Structures are given as structure tokens and as C-alpha cells.
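Below is one structure, written out as C-alpha cells; comments come after it.
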Amino acid sequence: MTELLLRVRDLRTYFVTEQGRGTARAVDGVSFDLHAGETLGIVGESGCGKTVTSLSLLRLIPEPPGHILPGSFIELEGRNLLTLAPKALRAIRGNEMAMIFQEPMTSLNPVFTVGDQIAEAAIVHQGLSRRAARARAIEMLKLVGLPDPETRVDHYPHQLSGGMRQRVMIAMALVCGPKVLIADEPTTALDVTIQAQILELLNRLQDELGMAVILITHDLGIVAGTVDRVLVMYAGQVVESAPTPELFARPLHPYTEGLLASVPRLDTPHPRRRLHSIPGQVPAATAWPAGCRFHPRCPYAWDRCTVEEPPLLDAGKGEPASHVVRCWLLAEPARRTRQP
Amino acid sequence: MIALAPLVSVQDLVKHFPAGRALWGLGRPRPAVRAVSHVSFDIAPGQTLGLVGESGCGKTTLGRTILRLIEPDAGRVIVDGADVFALKPPELRALRRRMQVVFQDPYGSLNPRMSVRQTLAEPLVIHRLANGTEREQRIFALLDEVGLDRRLAGSYPHELSGGQRQRVGIARALSVEPKFLVLDEAVSALDVSVQAQVLNLLADLQQRRRLTYLFIAHDLAVVRQIADHVTVMYLGKIVELAPAAELYRGPRHPYTTSLLSAVPVPDPNAQRQRLVLAGDVPSPAHPPSGCAFHPRCPHPKKNERCRTEEPALREIAPGQLAACHFAEEPMQ
């Protein structure tokens with residue numbers, strides 16, 4: 001096994017909602033490891049807590065209303081990010097751990113040139129001179145495949161297309177050579193041909209630079225093609241985690257199973273006559289259901305699921321804990337029959 | 001099989017948006033944005049035509065021009081026997097009962113100050129379709145039909161989830177009993193499990209009410225799920241139009257091939273040779289010469305002719321049209 005970079009244990013990020021409607025338990029006990037050079041995919045639908053997880057890793061959660069609960073643990077190469085002083089934390093953010101966001105237009109500053117925005121991190125973190133930082137910005141634009149980088153470096157975000165802006169965002173994130181890159185839905189706002197370009201670029205850069213990537217997406221197709229290991233999130237928790245080929249060959253959590261069956265596909269000889277759909281919707285984070293949080297939508301649920309919350313159980317294939325599932329079906333597999 | 005007369009017929013439709021003049025209106029006129037250029041197709045009653053393309057290809061403008069929400073520059077549209085662009089306002093209003101639209105963003109297209117009941121009652125009032133208890137009964141029937149709990153009738157849009165709002169949007173469109181629905185990215189903003197629910201609902205409604213759909217989307221996998229025929233647009237023009245099975249089995253235009261190849265497949269073992277197109281979609285105000293796709297085209301036989309001569313949309317196989325000089329030798 002390669003070197004362990006990031007260790008997250010029992011991460012809980014809660015938000016106090018306005019008008020005293022209670023506490024939104026957006027992330028509620030998430031644990032995972034990230035090794036050097038690895039790509040980890042976090043998948044789930046809106047409201048499952050994947051974005052809050054990624055923002056928590058960089059401690060970008062606005063406090064208040066949000067707070068990371070005591071007992072949570074985020075460790076980057078032996079340093080606990082949750083107890084780090086602000087100054088030490090700033091030295092990590094954008095330097096050792098960087099992030100790219102979904103909306104390149106809203107995450108870029110419209111009044112600065114893209115060159116200035118890329119150079120900023122190099123000046124702040126690595127003490128480069130303005131001239132050296134500009135040269136580095138041009139080099140980064142070349143790296144991310146922006147045509148004509150010497151001219152583009154002086155352009156403003158509005159002069160670029162969506163795909164180019166996302167390349168600039170990637171250049172910004174990579175300028176300090178981070179060990180961990182967090183990409184939150186990096187291609188969701190892009191057209192499918194541009195999405196293919198950006199995914200290919202991320203793959204190539206990871207090979208060249210050897211960084212670890214956390215890819216957050218709702219698209220199971222993207223996960224299948226790019227990541228080594230998948231975490232499936234539902235209602236603030238990890239409900240299944242497995243190496244990518246194993247997860248797609250043997251999805252064990254009913255939510256994972258349902259998600260895979262809901263995707264319209266191009267790789268079948270005929271379209272499905274009818275898509276499988278998961279009834280109902282993701283519940284509100286202020287009122288997760290008791291017992292297993294998926295039970296109101298689960299086709300297999302029985303009385304135990306309504307009262308007793310399942311822990312992550314080992315699916316017992318491959319290395320210990322390589323495929324874990326938060327479902328009582330692992331303890332009582334005979335119940336995996338479709339309800340009438 | 002008897003060919004049915006089409007319910008919707010679009011003939012040589014053109015919509016250009018003037019871009020004004022340079023220098024605060026004093027200079028030379030800027031080139032117009034050719035959003036829709038000479039587009040023609042038919043949709044048979046009870047069928048779904050999928051319309052796909054990337055942002056800026058003109059698919060939304062096309063949908064809105066067909067409904068005459070935007071005035072066209074040229075061409076003709078016949079919906080259910082009526083010449084849409086020749087109608088006078090009162091006749092157009094009557095026709096609007098027969099053609100409706102569902103938009104992508106259900107939050108932006110519902111009035112935040114109107115409850116679900118008021119939203120669904122409005123078209124019934126405007127078209128004088130039902131009053132009093134009958135109106136209430138129709139609202140409940142609509143909610144049942146789109147799978148919404150009757151108790152939600154008093155809710156406001158902000159209290160509903162994305163999927164529920166989209167169901168309200170569909171119920172509102174159905175309230176006037178249309179024959180033709182334009183679904184403009186109607187499931188694109190939804191999560192995959194909810195998207196599946198809404199796609200299934202649309203299929204059920206089509207069967208039950210014999211609806212005709214123009215299904216506009218950028219996701220080819222979603223379109224495959226619902227469309228009988230598919231048309232692919234690039235820079236305001238149709239580049240391919242074919243029965244869905246044919247188009248997905250053997251695309252004739254290299255742009256269609258590239259689009260299909262770019263869709264991520266949820267199978268880690270799928271060893272596909274991904275065809276990654278270089279560059280961005282050019283601006284529709286400055287489309288490239290010849291075949292507008294030629295600067296990005298990956299076809300190995302691409303040559304000088306593609307740069308100079310615009311390929312006509314022509315029939316390659318029965319019912320399958322493509323606008324490519326090499327449509328007889330499609331890419332694999």
C-alpha cells in the first residue's frame with residue numbers, strides 16, 4: 001500500500017438553521033483514507049453531504065451557522081487540520097491541498113486577469129516575485145492545454161469559454177503542486193464534449209504530477225471511468241465504499257443498487273423499457289429518519305431497519321474493510337428478495 | 001403501416017438575432033447570431049422527437065420559436081392543422097391550449113407567490129375551462145395524475161423539492177389538455193433517481209393522453225430513453241435526423257459519433273476508445289466556412305471540400321438524414 005496522505009475519521013459537520021428549525025446534520029460521521037496518487041470518488045445526490053464533506057476538509061465551512069463537531073478528525077500527513085492555528089492552516093490551503101469548484105464563472109474573480117489569479121497563490125505560498133509568478137502562470141496555462149497561453153494570461157474570465165475557465169481553475173489549483181486536489185463537480189456545468197476534454201486533462205495531470213484526487217460527482221459514469229475507489233453517500237453518511245470495479249460488479253447497498261438502475265445508459269443494445277426509480281426523495285438534513293436513514297425508500301426494509309441504525313459492515317471480499325456497506329442485509333442476506 | 005399526417009411540421013424555420021452595431025450603434029452592424037437556420041422536421045402524433053446539441057446550438061430558440069414565444073424570421077410551423085405564424089392573437093391564444101411547454105428550471109418558472117392550487121387554477125380560469133368545485137376536482141385529478149400528494153395543493157414552490165416542482169410544471173402544462181408538449185431540458189436539473197421518476201411519468205402520460213413531445217436535452221442517454229426519432233443540432237443547423245434506434249446504432253455524422261463517444265458510461269470495464277473533440281463550439285455569430293463542424297471534425301477523410309462547401313442535409317438510408325460529405329463512410 002502506498003503512503004497514507006489524508007485520514008478522515010468520524011467527521012461531523014452540523015448547521016444551526018435559521019428560525020430555530022433545528023440542526024441540519026449535513027455530514028454525520030464520515031470516515032475514509034486517501035493514499036498518495038489515489039483517486040477517490042464521492043458520489044451521491046443533492047443533499048447527501050458530499051460538498052459539505054469536501055468544504056470541511058479545507059475548513060471552508062462558514063462558522064456560524066456551521067460547525068465541525070469535537071471528536072471529528074482530519075489528518076493530513078500527521079497534522080490534525082481541525083486543531084491547526086489559522087496561519088498554519090492557510091499555509092496548507094491552496095498549497096498542499098487545493099480545490100476546484102463546479103462553477104468556474106462564479107469562482108473566478110471577474111476584475112482580475114486569469115494570470116494574476118493563478119500567480120496569486122504562487123506569490124503568497126512560495127514567495128515568487130511578480131515576474132516569476134507570471135512566468136509560472138503562463139507555464140500552468142500551457143500545462144492545462146489552453147491555446148495561446150502568452151495572450152490568454154492577460155485575459156479576464158468573461159473573455160473565456162466555460163471549458164477554458166475550468167482549465168484556468170485547474171491551473172490555479174495546481175500552481176503550488178498540491179498533494180491533494182479536491183474537485184467538486186468539476187464538469188457538471190460543461191457540455192459533454194468539453195467534459196470529456198476536462199476529464200482527460202485531469203487524468204493526464206494526475207499521472208504527470210502524482211497527486212491524490214478526491215472527485216465529487218453525482219454522475220456514476222464519470223466515477224466508473226476515472227476513480228480507483230468509490231464512497232457512496234446518503235443522508236450525511238457513507239453507505240457503501242468499495243474499489244470501483246467491485247462496486248459496479250457487486251453493488252450491495254439498496255441505494256447504490258437503485259442509483260445504478262436509475263441511470264439511462266448508452267452501452268446496452270436497447271434502451272430499458274422503463275427506468276428503475278427510487279421512490280420518494282432525499283429527506284431533510286434536519287430530520288433524518290430513525291434506524292437506517294434509507295429505510296423509507298428501501299424496497300427490502302423490514303422492522304429492524306426502522307429502529308436500529310446499521311453500522312458499516314464488511315462485505316468480506318478482498319482485503320478486510322475494502323468493501324463495506326451500511327445495511328442490515330449483510331447480516332440477514334436471506335431478506336434480499338423484492339417486496340411484492 | 002399507414003403514415004400518419006404529422007401533428008407538428010416545421011418547415012425551413014429561420015431565426016436570427018441581430019447583434020446591433022459597433023460603437024454605440026453608430027458603427028458597422030455586427031453579424032447576426034444565426035440561432036436557427038433552415039430547420040425542417042415533422043413529428044407524428046403520439047411520438048417523441050428528441051432534440052440534442054450542446055449549449056448555443058439553438059435548440060432552446062427552436063423550441064420557443066415553434067411555440068411562437070419568439071417571432072421567427074422565416075419559415076412555417078403547422079401544429080395540429082394550424083399555421084402558427086399566420087394566426088391572429090385570439091386564434092393563437094386558442095392554439096396555446098393545444099401546445100404547452102415545460103421548462104428546465106422549475107423554480108424559475110413557477111411564481112413563488114402562488115400556491116400549487118393557484119398555479120394549476122390559473123390556466124383553467126384563463127381558458128374558462130372549469131369553475132368552482134369542478135375546478136377543484138380537476139386540480140386534484142391533475143395532482144393524482146402527476147403523482148403529487150393532494151395535501152401539497154396549498155404549498156408554495158419553496159416548500160417543494162426539485163422533483164415535486166417539476167411535477168407541478170408538468171401538471172400546469174397538462175391542465176389545458178394539450179396535444180403537443182415542448183419539454184425544454186425538463187429533467188436536466190434533477191438528480192438521477194428523481195430524473196428516472198419524471199421520465200417514467202412522461203412516458204406514462206404520453207401513453208395515456210396520446211401526447212406528442214419535442215424533447216429538448218443535451219444528454220444523449222436520457223434522450224435514448226424517451227425518443228422515437230432524434231435530431232442533432234450544431235450551430236443552428238440540423239446535422240443528423242434519424243429514427244432513434246438507427247442513430248444510436250450507427251450515427252452518420254461525425255459530430256453525433258463524437259457526442260455519443262463523450263458520454264460517460266457507468267461501467268468500469270467498458271474499454272471504449274473515447275473520441276475527444278478538440279476546441280470549443282464556435283460562436284454562432286461567426287460560424288466557420290463550409291461545413292460548420294470542420295474545425296473540430298475528427299473524420300479521417302476530412303478535406304478541402306469540407307472547408308469550402310457546406311454539406312446539404314440528405315437522406316443516407318431510409319428515414320436517416322445527415323449533413324456530411326462522408327455520411328456514406330461514417331466513423332466507427
Side-chain angles (χ1 to χ4, degrees), chain A residues 44-48 145 147 160-164 187 189-197 199-200 217-227 243-249 255 258-282 284 297, chain B residues 52-57 147 160-164 187 189-201 203-204 217-227 244-245 248-249 255 258-272 274-283 296:
Chain A
E45 298 180 285
S46 337
C48 71
L160 306 178
S161 70
M164 289 189 214
T187 60
L190 303 175
D191 276 317
V192 59
T193 61
I194 310 299
Q195 166 173 286
Q197 291 172 6
L199 289 175
E200 201 181 65
T217 175
H218 66 280
D219 189 327
L220 287 158
I222 291 178
V223 165
T226 37
V227 313
T244 310
E246 164 79 1
L247 185 95
F248 282 86
Y255 178 62
L259 265 188
L260 277 169
S262 314
V263 183
R265 308 178 65 130
L266 285 177
D267 58 339
T268 50
H270 300 286
R272 295 180 184 159
R273 279 214 28 231
R274 210 176 159 72
L275 286 172
H276 171 84
S277 65
I278 305 175
Q281 59 211 350
V282 179
R297 306 176 72 188
Chain B
V52 292
E54 297 181 281
S55 345
C57 74
L160 305 176
S161 70
Q164 288 172 331
V187 300
L190 303 175
D191 274 317
V192 57
S193 70
V194 180
Q195 173 179 284
Q197 293 171 6
V198 175
L199 279 172
N200 287 339
L201 169 68
D204 293 344
H218 64 276
D219 186 332
L220 276 155
V222 170
V223 169
R224 186 186 188 207
Q225 196 60 41
I226 192 159
Y248 286 97
R249 195 183 314 125
Y255 180 59
S258 319
L259 275 184
L260 284 168
S261 163
V263 177
V265 168
D267 176 4
N269 301 318
Q271 283 298 325
R272 291 191 314 160
R274 208 190 245 173
L275 198 66
V276 178
L277 284 185
D280 289 312
V281 180
S283 154
R296 301 177 80 199

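Keep in mind that this is a model prediction, so the values were computed, not measured. Each chain gets a letter, A, B and so on, in the order the sequences are listed, and its residues count up from 1.
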Please determine, among B:Ala203, B:Gly56, B:Gly147, B:Ala221, the option with the most heavy-atom pairs under 4.5 Å with chain A. B:Ala221
Given a strict heavy-atom distance threshold of 4.5 Å, which part of B:Arg249 is in contact with chain A: side chain, backbone, both, or neither? neither
Tell me, side chain or backbone of B:Leu199 under 4.5 Å from chain A's heavy atoms, or both, or neither?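 It is the side chain, since no backbone atom gets that close.
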For B:Arg296 and A:Thr193, run side-chain hydrogen bond (donor to acceptor under 3.5 Å, both in side chains): C-alpha distance rounded to whole Å, both residues' side-chain angles, the deciding distance at 0.1 Å, then the answer. CA-CA 11 Å; B:Arg296 301 177 80 199; A:Thr193 61; 3.2 Å; yes
If the condition is side-chain contact (heavy atoms from CB on, under 4.5 Å), which residues does B:Ala244 pass it with, not counting sequence neighbours? B:Val230, B:Tyr248
Stepwise side chain to side chain contact (heavy atoms under 4.5 Å, CB included) check, B:Ser193 with A:Arg297: CA-CA 11 Å; B:Ser193 70; A:Arg297 306 176 72 188; 3.5 Å; yes
Would you name the heavy atoms of [X] and [Y] that are closest together and state the gap between them?
X	Y	answer
B:Leu259	B:Leu220	CB-CD1, 3.4 Å
B:Val192	A:Glu45	N-OE2, 3.6 Å
B:Arg224	A:Asp267	NH1-N, 4.4 Å

Pick one of side chain, backbone, both or neither for [X], based on which atoms fall under 4.5 Å of a heavy atom in chain B.
X	result
A:Val192	both
A:Gln195	side chain
A:Thr217	neither
A:Pro279	backbone
A:Gln197	both

Using side-chain heavy atoms (C-beta onward) and a distance below 4.5 Å, is A:Leu275 in contact with B:Gln195?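 Side-chain contact under 4.5 Å: no.
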Taking the side chain as everything from C-beta on, heavy atoms only, tell me whether A:Phe248 gets closer than 4.5 Å to B:Asn269.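 A side-chain contact under 4.5 Å is absent here.
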Shorter than 4.5 Å, heavy atoms on both sides: which option in [options] has the most such pairs with chain B?
options	value
A:Gln281, A:Arg265, A:His218	A:Arg265
A:Gly258, A:Gly280, A:Gly163, A:Gly145	A:Gly280
A:Thr244, A:Leu199, A:Val282, A:Thr268	A:Thr268

